[in-house]
Each structure stands twice: as C-alpha cells, then as structure tokens.
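Everything below concerns the one structure shown next.
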Amino acid sequence: MENPFEIILERLEKIEIAIQKLKLPTIKDDKEVLLSRIETATLLKFSLTTLWKHTKSGKLKSYGIGNRVFYKKDEVLKSLTRIN
C-alpha cells in the first residue's frame, strides 16, 4: 500500500502546477496600464472636472470601452510638460 502522505504530496504538486497555469501574466510595462478617470485624476491631483477639461481640449487622450473612459498611464505621464 502506498504511503498516504506521498499521495497527498503528489496531488498538491499537481494543484500547484494547475494554479501556475491559470495565473494571468502581470503587466510590467506602463504602456499597457489603463487608468480609470478617478485613478487618472488622483495621479495628476486634478478634480474630475479639470480632467474632463484637459481631455476635451486635447491635452489628454482618452479611450472608451462601452460607457467607461480610460487613459493610458504612459500617455498621461508624457503629457506633463516641464515648466522651467
């Protein structure tokens, strides 16, 4: 008869492998990160109204999916201009 602990360990290893296969790849590049309106306003320390004005004037580019509005993080950071 097989050792029950060995059976449990084999099953745990199979479960760990299955979990690793299910994990989604992490986003390491800011180009791929989408920010919501609230996240973008928080990042820039703007109100939502000011964010809307900058989007409407073309200073910030927004993207839509359904009724939702997103901003690409790298584009938001590139839109900042140096004053001095």
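Computed from a prediction, not measured in an experiment: that's the story for all the values here.
- Tested against Thr40 for a side-chain contact (heavy atoms from CB on, under 4.5 Å), the candidates Thr55, Leu35, Val69 yield a single pass: Leu35.
- Note: Lys72 NZ to Lys78 NZ = 10.0 Å, rounded to the nearest 0.5 Å.
- Distance check: Lys53 NZ to Ser47 OG gives 7.5 Å after rounding to the nearest 0.5 Å.
- For the atom pair CG of Leu43 and OH of Tyr71, the computed distance is 12.0 Å after rounding to the nearest 0.5 Å.
- Within a 6.0 Å radius of CD1 in Ile7, other residues, nucleotides and ligands contribute more than 12 heavy atoms.
- Ile8 belongs to a hydrophobic cluster whose other members, connected by ILVMFWY side-chain contacts under 4.5 Å either directly or through intermediates, are Leu12.
- Hydrophobic clustering (side-chain heavy atoms under 4.5 Å, transitive across Ile, Leu, Val, Met, Phe, Trp, Tyr) keeps Ile15 apart from Leu9.
- Linking Ile, Leu, Val, Met, Phe, Trp and Tyr residues whenever their side-chain heavy atoms come within less than 4.5 Å leaves Tyr63 and Trp52 in two separate clusters.
- The line from CG of Leu34 to NZ of Lys73 is 11.5 Å long, rounded to the nearest 0.5 Å.
- Note that CG of Leu60 is 12.0 Å distant from CZ of Arg37, once rounded to the nearest 0.5 Å.
- In this structure, Leu80 is a member of the same hydrophobic cluster as Val76, with clusters built from ILVMFWY side-chain heavy atoms closer than 4.5 Å.
- Taken to the nearest 0.5 Å, the CZ atom of Phe70 stands 11.0 Å off from the OG atom of Ser62.
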